[in-house]
Amino acid sequence: MTGDGPGGMKILASFNISRTFKSVYGLIYLLIGIIFPIILSGILLFSLKSIVNSAVGSSVVLEIIPSFIPLAASLGGIGVAYLFSTDRSNGVYEYLIATGKIKISDIFVSFSLVTVAVVSLLLAIDISVISMLVYFTSPSLLAKMFEFFAVFSIPVAYISALLSILAMLSWTAMSKVYPGVNAPGGIGSVIGIIPAVVFLVLIIRVIKPSEIILVAGLYSLSLFIILFLLLMVVIKRMSNETMLA
């Protein structure tokens with residue numbers, strides 16, 4: 001499972017992708033991420049079926065349902081962080097780093113790639129099923145929903161999950177290991193839901209319906225810039241010695 005440079009990172013990523021889809025934690029959180037938005041979307045669509053084609057009903061659907069997906073993505077990626085936390089508690093990465101075959105940046109990037117794989121599967125299933133629900137309840141909203149998915153749900157789902165995993169990995173890597181205490185899920189899951197929640201608040205209180213798509217695109221771009229800057233700072237400040245401490 002080791003190798004110099006990018007090769008070691010790729011091998012590590014492939015190994016952890018396989019583990020994620022086979023482990024209990026990985027599968028449980030992936031299923032939560034898949035089931036959660038589908039059930040909530042179904043309840044919302046069928047409960048509002050009589051008014052969903054009205055101005056108020058369509059506005060509610062277009063504002064709320066796309067926000068379910070980034071929330072689900074951050075939940076779906078929690079299992080990835082638990083794998084990292086378990087490995088670190090068992091001394092796996094300390095050993096790999098000590099051999100000089102793997103750097104801490106390789107570990108961060110490899111788990112980011114695993115998170116992208118998990119979110120990609122989650123998005124493929126969630127968007128397909130939710131689109132079918134929208135088609136059967138209110139087909140006139142489908143085109144606008146796809147537009148919202150493209151500029152907000154999909155990019156923010158990836159960004160939310162990566163922000164979540166970045167927080168979890170940073171927390172776990174920089175903290176001392178105490179049996180039963182070093183669990184990163186709480187802080188990461190909270191950070192992961194913030195982007196979607198903030199946007200919901202903006203929609204309800206600030207953004208005009210005619211400006212939603214434009215603002216959603218700018219919001220996604222802003223989050224990407226924040227994620228990129230945070231990733232650069234974390235990788236630069238994180239040292240192999242921190243993990244070995």
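Because only heavy atoms are used, hydrogens play no part in the values below, and waters and symmetry mates are left out as well, while side chains stay in.
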Pairs flagged by salt bridge (charged side-chain N to carboxylate O under 4.0 Å, His left out) wherever residues 114-128 is involved - sequence neighbours left out:
none
Output, in order, the C-alpha distance, side-chain angles, deciding distance and verdict of side-chain contact (heavy atoms from CB on, under 4.5 Å) for Y219 and V198.
CA-CA 10 Å; Y219 186 76; V198 169; 3.5 Å; yes
Could you tell me which non-hydrogen atom of L12 sits nearest to which non-hydrogen atom of S110, and how far apart they are?
CD2-OG, 3.4 Å
When hydrophobic residues are tied together by side-chain contacts of less than 4.5 Å, even through go-betweens, does L45 share a cluster with L142?
yes
Kindly work out whether a path of hydrophobic side-chain contacts (I/L/V/M/F/W/Y, heavy atoms less than 4.5 Å apart) joins F46 to I35.
no
Which heavy atom of P66 sits nearest to which heavy atom of F152, and what is that distance?
O-CE2, 3.9 Å
So, do F146 and S131 sit near enough that their side-chain heavy atoms are less than 4.5 Å apart?
yes
Work out which heavy atom in S220 is nearest to a heavy atom in V156; give both atom names and the distance.
OG-CG2, 3.4 Å
According to the salt bridge (charged side-chain N to carboxylate O under 4.0 Å, His left out) rule, which pairs have a member within residues 11-29, sequence neighbours left out?
R19-D87
What's the spacing between I65 CD1 and L141 CG if we round to 0.5 Å?
8.5 Å
Residues that Y29 engages under side chain to side chain donor-acceptor pair (under 3.5 Å), provided they are two or more places apart
none
Can you name the residues that form a side chain to side chain donor-acceptor pair (under 3.5 Å) with S120, not counting sequence neighbours?
Y158
Are I38 and F136 connected into the same hydrophobic cluster when the rule is that any two of I, L, V, M, F, W, Y join if their side-chain heavy atoms are below 4.5 Å apart?
yes
Step by step, work out the side-chain contact (heavy atoms from CB on, under 4.5 Å) result for L44 and L40.
CA-CA 6 Å; L44 183 64; L40 290 184; over 6 Å; no
Roughly how far, to the nearest 0.5 Å, is CD1 of I32 from CG of L75?
7.0 Å
Supply the members, apart from L214, of the Ile/Leu/Val/Met/Phe/Trp/Tyr cluster built from side-chain contacts under 4.5 Å; use none for a lone residue.
L218
Can you hop from L31 to F21 via hydrophobic side chains spaced under 4.5 Å?
no
Spatial distance of atom CG (L223) from atom CG (L230) [nearest 0.5 Å]
10.5 Å
If I take atom OG from residue S222 and atom CD1 from residue I159, how far apart are they, to the nearest 0.5 angstrom?
9.0 Å
Close side-chain approach of K144 to I213, heavy-atom, < 4.5 Å
yes
Could you go through the side-chain contact (heavy atoms from CB on, under 4.5 Å) check for I226 and L229 one step at a time?
CA-CA 5 Å; I226 292 173; L229 293 175; 6.0 Å; no
Could you list the residues that satisfy side-chain contact (heavy atoms from CB on, under 4.5 Å) with A196, not counting sequence neighbours?
P70, L71
Residue list, ring-ring contact (aromatic ring centres under 6.0 Å, His included) with F149, at least two apart or on another chain:
none
Please give me the minimum heavy-atom distance between F68 and S41, naming the atom from each residue.
CD1-OG, 3.5 Å
Minimal non-hydrogen separation, T115 against A161, with atom names
CG2-CB, 3.7 Å
Is the shortest side-chain heavy-atom distance between S160 and I193 below 4.5 Å?
no
Could you work out, with side-chain contact (heavy atoms from CB on, under 4.5 Å) as the rule, every residue matching I43, not counting sequence neighbours?
I39
Check the hydrophobic clustering (I, L, V, M, F, W, Y; side-chain heavy atoms under 4.5 Å; chains of links allowed) and say if L27 and V119 are grouped together.
no
Can you name the residues that form a ring-ring contact (aromatic ring centres under 6.0 Å, His included) with Y25, not counting sequence neighbours?
Y82
Pairwise salt bridge (charged side-chain N to carboxylate O under 4.0 Å, His left out) hits with a residue in residues 70-84, at least two apart:
none
Find out whether S23 and L83 are in side-chain contact, i.e. whether some heavy atom of one side chain is under 4.5 Å from a heavy atom of the other.
yes
So if I apply the side chain to side chain contact (heavy atoms under 4.5 Å, CB included) rule between F111 and each of L166, V116, V80, which one comes out positive?
V80
Residue set satisfying side-chain contact (heavy atoms from CB on, under 4.5 Å) with L200, at least two apart, ordered chain then number -> I64, S67
So which heavy atom on G77 is nearest to which on I165, and how close?
O-CD1, 4.0 Å
Calculate, to the nearest 0.5 Å, the distance between atoms OG and CD belonging to S153 and E147 respectively.
11.5 Å
Between the CD1 atom in I127 and the CE atom in M132, the distance rounded to the nearest 0.5 Å is 14.5 Å
Using side-chain contact (heavy atoms from CB on, under 4.5 Å) as the criterion, list what pairs up with V201, not counting sequence neighbours.
R205
